[in-house]
2 protein chains.
Amino acid sequence: MAKKKKTTIKDIANVLNISPAAVSKALHDDSRISKKTKKAVKQVAKNLNYQPNHLASALRKGKSNLVGVVVPRTNSNFFSSVIQNMEEVLNKEGYNIIITQSNESFKKECDNIDTLLFTQVDGIIASMANETVDLSYYEKVKSKGIPLILFDRGENDLNVDYIGINDYDSSHIIVEHLVKQGCKRIAHIGGYRHTRIFNNRIRGYIDALKKHNLPLDDELLIESSLTTEDGREKMLQLLALEKRPDAVYVAGDYAALGALQLLNEKDIKLPQEIALVGFGNEPFAAMVKPSITSIDQHSAEIGKQAAKVFLEHAKKDTINQSLNKIILKAELVIRDSSRLK
Amino acid sequence: MAKKKKTTIKDIANVLNISPAAVSKALHDDSRISKKTKKAVKQVAKNLNYQPNHLASALRKGKSNLVGVVVPRTNSNFFSSVIQNMEEVLNKEGYNIIITQSNESFKKECDNIDTLLFTQVDGIIASMANETVDLSYYEKVKSKGIPLILFDRGENDLNVDYIGINDYDSSHIIVEHLVKQGCKRIAHIGGYRHTRIFNNRIRGYIDALKKHNLPLDDELLIESSLTTEDGREKMLQLLALEKRPDAVYVAGDYAALGALQLLNEKDIKLPQEIALVGFGNEPFAAMVKPSITSIDQHSAEIGKQAAKVFLEHAKKDTINQSLNKIILKAELVIRDSSRLK
DNA sequence: TATATTTGCTTAAACGTTTAAACAAATATA
DNA sequence: TATATTTGTTTAAACGTTTAAGCAAATATA
């Protein structure tokens with residue numbers, strides 16, 4: 001069986017004995033085409049099962065109507081929810097998205113960006129890998145004049161649009177909550193400082209401790225890759241301290257889960273002996289025993305806003321120099337792991 | 001700031017005073033181009049920061065080098081692992097993938113397929129939504145002569161390539177394991193029967209019970225949407241029975257998690273009072289307390305095989321009528337939730 | 001030395017669409 | 001009646017690449 005060749009505008013034109021141009025215009029409801037012709041064209045198009053060739057129109061129009069997305073991974077509720085909402089907004093405007101995952105690898109992230117540029121995407125929406133410190137690849141995108149929007153994991157140094165939550169404030173909200181529960185020795189298992197959001201969470205943690213006149217103890221502040229495995233390990237480290245903390249604020253839910261497992265295994269009572277707070281409000285935070293208090297990052301909103309910012313750019317034919325830096329207020333979802341009173 | 005216009009093959013040709021055709025050939029290492037010219041072309045290409053226009057070459061060559069992927073969702077470890085491995089294999093051969101999510105909605109699934117066809121993908125690799133019973137959209141893809149490969153959730157009726165595990169056998173393995181642990185009243189919270197894989201798991205469950213001379217009790221076989229929430233509910237239903245089961249085999253890990261939570265809340269001892277087995281080996285299965293015994297579906301292998309099958313098709317210019325139906329043997333990962341001896 | 005082959009390039013058409021410009025016919029305006 | 005405008009269409013070029021066919025010069029073969 002040979003491959004069928006697809007029907008083109010030309011085929012429709014031949015059937016009706018009109019020019020391809022007329023067909024194209026009829027299909028786009030051009031005002032200069034008669035109703036009669038439009039009707040006939042659409043009928044024939046349907047009969048022949050015509051599907052427009054996106055490549056050809058993209059080439060001619062100079063835009064692909066594709067938006068590239070780069071995320072560290074898709075199998076986290078946060079990213080998949082961001083993507084889903086982003087997609088919804090973009091689809092409505094005729095854009096499709098190409099999703100790529102970096103798996104937290106800088107190399108893969110660069111490859112992904114190359115791939116996306118090669119595919120002629122009209123814009124890139126990205127959240128950077130944990131590893132990423134060298135921003136030259138992002139400069140490359142910028143230098144091509146392609147709209148670049150970062151979310152969650154971004155960098156202030158790069159002069160690009162950004163959508164995220166206020167990490168500094170989030171730490172304040174968490175510490176405040178723990179203080180209210182009566183905790184006095186609050187530890188922080190944070191992410192790597194070179195990633196802006198994690199640095200902000202650490203700064204917020206430190207400043208919030210000061211604000212509540214709690215002593216800052218170096219032992220209680222640990223940097224972590226924030227995987228489940230590393231969460232266990234860092235928790236073990238905290239338990240080994242002479243003066244154990246009475247609360248642990250973990251900068252990611254997966255690591256918080258690891259910490260929780262360890263505490264459960266050691267039969268340490270949550271929240272009585274140690275209160276636990278995570279970050280990200282992954283669905284499992286509500287499902288584990290005890291359920292984990294966590295920060296909700298408004299993933300849906302972030303996705304929608306990112307898409308909207310891209311669309312703003314896309315509508316202008318010159319690069320918009322006015323930057324959008326959208327900072328959403330995060331929300332603390334209080335659950336059993338930290339509910340003392 | 002105006003948009004920069006990208007350098008094309010023509011620009012390179014102008015610099016070197018040769019024809020665009022020569023440049024194209026030089027870039028593709030055509031044997032008829034001299035080493036000297038090739039070197040010069042590549043140097044100039046680099047200097048001008050040339051990036052090939054994928055749309056133009058795709059249009060000319062009649063293929064986009066894009067593969068469309070349709071999954072129910074990306075935020076499950078199974079699907080994201082399948083995708084990641086698929087991507088790796090395809091990238092090596094110069095293909096990129098477009099990921100779309102159906103969110104288990106039939107309507108969204110159809111939209112996604114339309115989108116992919118519109119984007120001129122060279123093939124589609126899909127796993128169907130729970131809801132999907134009408135297969136006409138898949139027929140549409142087939143009728144276009146575009147390679148279509150299904151994995152995990154597929155349909156035997158559709159004459160297409162398929163990669164998945166042996167669900168029927170998996171049920172046997174699970175029941176056998178539970179019988180070995182001494183269980184005598186094994187319940188099954190299954191998926192919807194109209195989805196082939198779930199039907200196979202149910203058939204396997206029934207036949208395995210017969211094989212071990214266990215009575216088949218209608219009360220013990222329940223269909224479910226297999227969400228965490230529904231897992232709780234169906235477990236509750238089982239607990240309400242006059243004669244409770246001593247083991248529950250849940251056809252999905254998320255639902256198994258819901259069941260586990262409920263059992264934990266009711267202080268029912270696992271595995272002593274009720275043994276629990278899930279399906280899918282999601283990472284959390286190992287992380288919860290007690291850890292859940294589950295079936296590993298070899299997601300990496302499925303992803304790689306699906307990609308390979310697509311590549312086989314892509315290499316031929318006619319539709320290959322010989323079908324690949326690859327059935328992998330699943331592996332039971334035994335954990336605390338069912339370890340009695 | 002005459003002829004064949006190879007090398008290294010050019011020309012031109014093609015992929016399927018869009019769109020500016022042109023144009024004839026119909027209709028409106030003076 | 002002569003001129004202007006509107007309507008409905010066609011023509012042709014363009015988007016950036018690839019590729020079959022052609023051709024001149026260099027080299028090999030007889």
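Numbered from 1 within each chain, the chains take letters A, B, ... in sequence-line order.
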With a 4.0 Å cut-off on heavy atoms, is [X] in touch with a base, just the backbone sugar-phosphate, or nothing at all?
| X | result |
| --- | --- |
| T8(B) | sugar-phosphate |
| S19(B) | base |
| I9(B) | sugar-phosphate |
| S57(B) | sugar-phosphate |

Hey, is the main chain of [Y] close enough, under 3.5 Å, to the side chain of [X] for a donor-acceptor pair?
| X | Y | answer |
| --- | --- | --- |
| Y162(B) | D152(B) | yes |
| D122(B) | S64(B) | yes |
| T119(A) | T115(A) | yes |

Report task. Measure up the Y137(A) and F106(A) rings against each other and bin them: parallel (under 30°), tilted (30 to 60°), perpendicular (over 60°). Result -> perpendicular

Would you please confirm or rule out a distance under 4.0 Å between OP1 or OP2 of dT9(D) and any side-chain N or O of S34(A)?
yes

Paired to dA30(D) by Watson-Crick or G-U wobble criteria (both distances under 3.5 Å) is dT1(C)

Re dC23(D): Watson-Crick or G-U wobble partner, both distances kept under 3.5 Å, found to be dG8(C)

Outermost contacting nts on DNA chain C, any atom under 4.0 Å from chain B heavy atoms, listed 5' then 3', are dT7(C) to dG16(C)

Whether R153(B) and E104(B) form a salt bridge (side-chain N of Lys/Arg under 4.0 Å from carboxylate O of Asp/Glu) is what I want to check. yes

Whole-Å distance, K25(A) NZ to dT7(D) P, equals 15 Å

Whichever of R32(A) and T7(A) has the more 5' nearest nucleotide on DNA chain C, that residue is T7(A)

Between L55(A) and S31(B), the residue closer to the 5' end of DNA chain C by nearest nucleotide is S31(B)

Of D30(A) and H54(B), the one whose nearest nucleotide on DNA chain D sits closer to the 5' end is D30(A)

Problem set entry | Working for side chain to side chain donor-acceptor pair (under 3.5 Å), residues S105(A) and N103(A) | CA-CA 5 Å; S105(A) 142; N103(A) 299 313; over 6 Å; no

| task | Could you give me the CA-CA distance, side-chain angles and deciding distance for H313(B) and D161(B), then say whether side chain to side chain donor-acceptor pair (under 3.5 Å) is met? | result | CA-CA 10 Å; H313(B) 282 290; D161(B) 298 277; 2.8 Å; yes

